[in-house]
Amino acid sequence: AEELEISNKVAGLGLHKKPIESTDDDTADAANPAEASLLMKIIRQGLVESKLDIEIQRKDPNSPLYSVKTFEALHLKPNLLKGVYDMGFNAPSKIQETALPTLLADPPQNMIAQSQSGTGKTAAFVLAMLSRVDPSKNYPQVLCLSPTYELAIQTGEVAARMAKFCPEIKLKYAVRGEELPKGTKITDHILIGTPGKMLDWGVKFVMFDLTKIKVFVLDEADIMIDRQGHQDQCVKIHKRLPTTCQMMFFSATYTSAVMEFAEIIVPNPIIIRLLREEESLDNIKQYYVKCKSHEDKYRAICNIYGVITIGQAIIFCHTRKTASWLSEKMSRDGHSVAVLSGELTVEQRIAVLDRFRGGLEKVLITTNVLSRGIDIEQVTLVVNFDMPMDLDRKADCESYLHRIGRTGRFGKAGIAINLIDSQQAMEICLEIEAHFGKKIKLLDIEDAEEIE
Ligand code: ADP
């Protein structure tokens, strides 16, 4: 079968070729939400499951709400169903069970859906977008807004795969680098892009008619509102849409800022939420080791390695400089180590994580670019070479939990070791201990047998 034609010439994945963050080795790497989201999407190997129940709020009690356990029950166009199965999806994910019947309902219903990344939101709205298109009408009918170029491309690629057997559906990217001659009338059915470009094409140059849009999707709303001006652009586009247009609003988080934005965009919504399974420290043995210097911390790591068998380990450092210093030392001593820090391009980060996942390296040294959730089961040891702290150099308990904690699914036992080389680090350690009410024991590194 033919692939869905993508009429823009966006090269390859369109990922960053250049590093995005500062090149200063001495400053701490910070996680950039748009980038973290992209990385998670790319390295993800399947659905994130949750044992928690879905929470539904309905504004319109007359609209029946039901859920489906199979894709057949949705009565999709046969070629679309074929595309879904071709992607390896057997049954709807938890959020899809509830979201899809509503997204596909007639008359259309508006939806706000929130669940953590990896739970199947993108697949759900892409399926809804594709099934709402009338390919016999050659003008844009569906708009999908993403916060960045790369995220738009990712969504487009999901659409292209799902529409593999529907070559009549045309998709275009409205992103930077895509230039259309003045006076162009866009004939593609689906436009996926960033708010600025969409506003240019729709409002400034009138290359398509916003009043003919049937479906408006706003993806990664929480990242969208983080970006200067994006929210206003979304609202400007939204204002020109017909009142009959179906609004779909997706977010990984549910803050009041996100919900205020949602209220503007989505009248009379059905709101569904899938709560995140909380990470916990329950199965984790936590220790601290007193050290005098960086060298001393390094020796502590070697000692730990000497006495316990470790599946894989992740070591967190505060700066790139420390990370590269440590990795050189460990490599010299014959350890196979990988480094993940902010100077890498997205492609390089993916390569590093892929190798680590595959077990090619036993140790991953990283800065805060990886503050949250790479669920790698084989990781049994997490070392805080530097304690997590916020900009005021106070304990960053949330990052600590993300680094060390496990969710129910990866509830296996683990070991966390904090290397403490200053009074300040000790204070942070004590603060974290008090915050979680879980003992962090002193480990005598000369006598490390006790941790096994
Ligand atoms: P989100 O948008 O919430 O981050 P995605 O839609 O990107 O989630 O889905 C996460 C991962 O799970 C992707 O790799 C996707 O291909 C896969 N996936 C989505 N829905 C299903 C399903 N019903 N069955 C199996 N895998 C799925």
Side-chain angles (χ1 to χ4, degrees), residues 19-21 25 28-32 35-45 118 279 284-287 289 294 297-306 308-388 396 399-407 409-410 412-419 451:
I20 318 85
E21 290 151 36
D25 279 350
D29 277 337
N32 162 338
E35 195 140 300
S37 173
L38 177 68
L39 203 59
M40 289 304 292
K41 273 182 201 280
I42 295 172
I43 62 168
R44 172 155 303 121
Q45 311 203 310
E279 290 147 313
I284 314 293
K285 291 186 186 170
Q286 303 176 76
Y287 299 95
V289 180
H294 267 197
K297 286 179 171 183
Y298 176 67
R299 271 194 298 279
I301 292 175
C302 294
N303 281 343
I304 294 160
Y305 258 86
I308 61 171
T309 24
I310 294 161
Q312 281 180 300
I314 299 184
I315 304 176
F316 284 94
C317 300
H318 195 57
T319 65
R320 288 176 208 174
K321 197 172 170 184
T322 310
S324 74
W325 173 83
L326 182 61
S327 80
E328 270 166 40
K329 258 180 116 57
M330 289 191 79
S331 309
R332 236 181 284 139
D333 286 354
H335 295 283
S336 59
V337 295
V339 187
L340 187 78
S341 56
E343 78 274 21
L344 301 184
T345 64
V346 172
E347 281 145 329
Q348 289 167 329
R349 293 179 197 193
I350 294 162
V352 168
L353 285 172
D354 269 347
R355 288 173 58 87
F356 185 63
R357 249 184 216 286
L360 288 169
E361 275 103 11
K362 292 279 178 263
V363 181
L364 179 69
I365 300 174
T366 184
T367 53
N368 268 338
V369 289
L370 203 71
S371 63
R372 149 152 261 154
I374 48 156
D375 292 331
I376 298 182
E377 262 177 287
Q378 313 89 283
V379 174
T380 48
L381 172 70
V382 177
V383 176
N384 282 322
F385 196 88
D386 298 301
M387 296 303 282
D396 181 350
S399 291
Y400 185 84
L401 183 63
H402 292 333
R403 289 179 180 185
I404 313 287
R406 303 280 173 109
T407 61
R409 183 167 163 228
F410 294 97
K412 291 200 302 192
I415 296 168
I417 296 182
N418 299 295
L419 304 180
I451 61 181

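Separating the CZ atom in Phe385 from the NE2 atom in His294 is a distance of 5.0 Å, to the nearest 0.5 Å. The distance from the CD1 atom of Ile417 to the CD1 atom of Ile304 is 3.5 Å, given to the nearest 0.5 Å. Here the straight-line distance linking atom OG of Ser327 with atom CZ of Arg332 works out to 9.5 Å at 0.5 Å rounding.
Side-chain contact check for Leu419 versus Ile301: some heavy-atom pair is nearer than 4.5 Å. With contacts defined as side-chain heavy-atom distances shorter than 4.5 Å, the pair Val379/Gln312 qualifies. Counting heavy atoms from C-beta outward, Leu340 and Phe356 have side chains that stay 4.5 Å or more apart.
Classified by interplanar angle (parallel below 30°, tilted 30° to 60°, perpendicular above 60°), the ring pair Tyr298/Trp325 is perpendicular.
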- Step by step, would you call Ile404 with Asn384 a side-chain contact (heavy atoms from CB on, under 4.5 Å)? CA-CA 9 Å; Ile404 313 287; Asn384 282 322; 3.8 Å; yes

- What do the steps show when you test Asp386 against Lys297 for side-chain contact (heavy atoms from CB on, under 4.5 Å), and what is the final call? CA-CA 10 Å; Asp386 298 301; Lys297 286 179 171 183; 3.2 Å; yes

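Summarising the geometry of Ser341 relative to Arg320, their closest heavy-atom pair is CB-CG, 3.8 Å, with the distance given to 0.1 Å. Counting all heavy atoms, side chain and backbone alike, Arg403 lies closest to Val382 at O-CG2, 3.8 Å. Across all non-hydrogen atoms, the minimal contact from Glu343 to Gln348 is O-OE1, 4.4 Å. A pairwise comparison of heavy atoms in Glu361 and Ala338 identifies OE1-CB, 3.7 Å as the closest pair.
Side chain of Arg349 to main chain of Leu344: a donor-acceptor pair is present (N/O by atom type, distance under 3.5 Å, no hydrogens or angles). Side-chain N or O atoms of Asn418 include one that pairs as donor or acceptor with a backbone N or O of Tyr287 at under 3.5 Å.
Contacts of Ala323 classified as side-chain contact (heavy atoms from CB on, under 4.5 Å), with partners at least two apart in sequence or in another chain: Cys317, Val339, Ile365, Thr367.
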